[in-house]
Amino acid sequence: MTRIAIIGAGFGGVAAAVELLAAGFGDIVILEKADRVGGVWRDNTYPGCACDVPAPLYSFSFALNPDWSRRYPPHHEILAYLQRVADEKGVTPLVRFGAEVASADWDGRWRITLAGGGTIDADVLIPAVGQLSRPAIPLLPGAGTFQGVAVHTAHWTPGIPIDGRRVAVIGTGASAIQLVPAIAGRAAHITVFQRTAPWTVPKPDRRYGRIRRALSRRVPALMRLSRGATWLLTLVPGAALHGNRTVNAAVRGYAWIQRRWQVRDPALLAKVTPDEPIGCKRLLFTNAWLPTLARPDVDLVTEKIVTVTPSGVRTADGADHPCDVLVYGTGFAATEFLVPIRVTGRDGRTLSGEWREGAHAYLGLAVPGFPNMFLVYGPNTNTGNTSVIYFHEAQARWIAQAVRAVAAGDDLEVRPEVAATYDSEIQSRLSTTVWTACQSWYRTATGRIVTNWPGKAAEYRRRTRSLTRSDFLPR
Ligand code: NAP
């Protein structure tokens with residue numbers, strides 16, 4: 001019996017488990033440090049949290065959901081969906097909750113050590129810890145002296161006091177632009193600290209009514225149609241990102257119209273006008289962000305933060321911005337794959353050592369020197385315009401083939417030269433993308449893009465459709 005250990009019970013881990021169960025593998029354990037299935041959708045509960053990829057596509061192809069309440073549902077619906085799929089597909093009983101992995105060592109099989117003590121042996125290791133699971137909190141001078149409540153968006157709890165409080169939010173990325181409109185009007189005052197103006201475009205959100213939901217239940221083909229239409233919709237930002245000048249200009253025009261329409265104050269308009277190329281950071285879909293910034297009880301501050309004080313935030317112009325609650329909407333340490341898990345492969349080589357210059361993996365799935373380790377949502381498998389779940393499913397299908405080979409007595413270790421050639425290709429293609437035009441969570445400090453896939457999603461699916469045995473070292 002092939003023993004399989006998956007790390008993480010988010011969308012990626014569940015995708016892998018479903019595929020492996022369907023392929024007939026039953027000896028699976030999912031090691032999950034939290035107490036529930038859910039990944040980022042369990043961890044992120046800040047007000048306004050939702051997915052900016054339409055639900056018909058941000059869902060599993062094998063579990064289309066007729067019950068979405070809207071095109072961009074709130075996070076609790078997505079979490080409930082994922083947990084339901086995990087239950088229905090028999091994944092939840094495989095999860096060992098409260099099992100945080102400290103290290104994994106290869107000595108002919110994987111020995112996994114848990115932070116709380118205990119070890120697990122497995123023939124196959126499948127890290128599925130995601131790219132956005134470790135919050136990044138900047139080390140601002142004075143941060144420790146703050147007397148109010150300080151919280152990262154991903155650490156939000158229901159007890160965070162908002163009503164009638166002065167709230168400061170650092171950051172204007174995907175998380176902050178959802179949070180701020182959701183708490184405006186509840187907070188006494190909100191100060192938003194913006195370092196870089198994000199590109200925003202209207203969010204084509206809509207409610208899914210009772211009739212649509214009933215029809216979807218009766219005629220599942222309608223859901224496939226909707227998924228297909230959503231797929232086509234995502235090709236538009238995709239084309240803009242991938243260098244189609246006409247589409248790029250059209251999307252910029254759309255953003256320009258939104259800004260002009262929603263912001264009448266010239267000073268605010270100047271502040272919210274991006275000066276980086278569109279798409280070099282994630283393009284944000286929102287209808288509420290700019291009108292919220294225009295509210296009299298919301299200030300947008302673009303001065304640099306110099307220090308946090310016991311009572312608030314001080315900026316470079318000497319102004320003090322008092323607050324009771326300080327929210328870090330400052331994103332995630334996305335480039336530090338698998339940290340803090342210590343992974344040691346063949347001949348004592350460590351993953352952190354192999355990835356010193358930036359993470360890389362063949363197809364985002366396999367790393368030379370680390371036999372029988374297959375990553376879900378590994379390096380260079382993030383997408384700037386479509387659903388990562390599509391990528392997870394492609395990875396899961398490829399992994400099922402790899403596990404079949406392992407079950408047949410093989411150890412699968414990708415050839416170093418195959419991985420190196422692949423990495424050169426990916427990096428060379430990335431070097432001409434818009435993502436090189438600014439610093440973002442896609443890039444390491446040295447500028448290497450380690451998170452994103454350079455092509456179309458369909459290309460990724462094609463390249464991962466069948467495992468090529470000759471890409472791996474001989475038995
Ligand atoms: P993010 O996109 O990395 O944004 C972080 C923000 O914090 C940026 O505005 C950044 O400014 C700012 N920042 C970071 N350090 C700072 C500092 N020291 N001083 C001042 N400002 C600082 O993080 P995020 O908003 O959490 O989103 C991360 C990713 O999560 C998204 O790109 C998306 O993929 C995912 N997400 C998705 C959804 C969804 O709807 N699907 C929702 C939330 C998040 P700069 O721009 O100048 O760096």
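Whatever order the structure lists them in is the order used to number ligands and atoms, beginning at 1. Owing to the predicted nature of the structure, the values given are computational and were not obtained by experimental measurement. All values below come from the heavy atoms of this structure, side chains included, with hydrogens, waters and symmetry mates left out.
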Compute the minimum heavy-atom distance from Ile170 to ligand 1 and say whether it is under 4.0 Å. yes

Heavy-atom contact check, 4.0 Å cutoff: does Leu132 meet ligand 1? yes

Could you identify the single nearest non-hydrogen protein atom to [atom] and state the distance to 0.1 Å?
atom: atom 6 (C) of ligand 1; result: Gly329 O, 3.2 Å
atom: atom 4 (O) of ligand 1; result: Gly173 CA, 3.6 Å
atom: atom 10 (C) of ligand 1; result: Arg195 NH2, 4.2 Å
atom: atom 8 (C) of ligand 1; result: Thr172 N, 3.9 Å
atom: atom 18 (N) of ligand 1; result: Pro138 CB, 3.3 Å
atom: atom 41 (N) of ligand 1; result: Asp52 OD1, 3.0 Å
atom: atom 33 (C) of ligand 1; result: Arg282 CD, 3.4 Å

What is the ring orientation for [X] with [Y], classed by angle as parallel under 30°, tilted 30 to 60°, or perpendicular over 60°?
X: His152; Y: Phe332; result: perpendicular
X: Trp231; Y: Tyr390; result: tilted
X: Trp355; Y: His360; result: perpendicular

Side chain or backbone of Gln439 under 4.0 Å from ligand 1, or both, or neither, by non-hydrogen atoms? neither

With heavy atoms only and a cut-off of under 4.0 Å, state how Ala136 meets ligand 1: side chain, backbone, both or neither. neither

Quick check against the 3.5 Å criterion: does Asn244 have a side-chain atom that pairs as donor or acceptor with the backbone of Thr246? yes

N/O donor-acceptor pair under 3.5 Å between Gln131 side chain and Thr335 backbone: no

Evaluate salt bridge (Lys or Arg N to Asp or Glu O under 4.0 Å) for Asp52 paired with Arg282, printing each intermediate quantity in order. CA-CA 11 Å; Asp52 62 7; Arg282 192 178 169 96; 2.4 Å; yes

Walk me through it: do Val251 and Trp256 pass the test side chain to side chain contact (heavy atoms under 4.5 Å, CB included)? CA-CA 9 Å; Val251 178; Trp256 183 86; over 6 Å; no

Which is closest to [atom] in terms of heavy atoms, [options]?
atom: atom 29 (C) of ligand 1; options: Phe193, Phe285, Trp441; result: Trp441
atom: atom 12 (C) of ligand 1; options: Ala334, Gly171, Ser175; result: Gly171
atom: atom 23 (O) of ligand 1; options: Ser387, Ala333, Gly331, Cys438; result: Gly331

Heteroatom distance test ([X], ligand 1): nitrogen or oxygen, under 3.5 angstrom:
X: Thr196; result: yes
X: Tyr46; result: no
X: Ala174; result: yes

Is the cationic atom of Arg212 (NZ for Lys, CZ for Arg) positioned less than 6.0 Å from the six-membered ring centroid of Trp68 and within 45 degrees of its normal? no

I'd like to know whether Val325 forms a side chain to side chain contact (heavy atoms under 4.5 Å, CB included) with Ile160, so could you lay out the CA-CA distance, the side-chain angles of the two residues, the decisive distance to 0.1 Å, and finally the verdict. CA-CA 8 Å; Val325 181; Ile160 303 290; 4.0 Å; yes

Under 6.0 Å from the CZ atom of Arg213, do we count more than 12 heavy atoms belonging to anything else shown? yes

For the CD1 atom on Ile211, are there more than 12 heavy atoms of other groups (residues, nucleotides or ligands in this structure) within a distance under 6.0 Å? no

Which atoms from ligand 1 have a heavy atom of Lys281 less than 4.0 Å away? 45 (P), 46 (O), 47 (O), 48 (O)

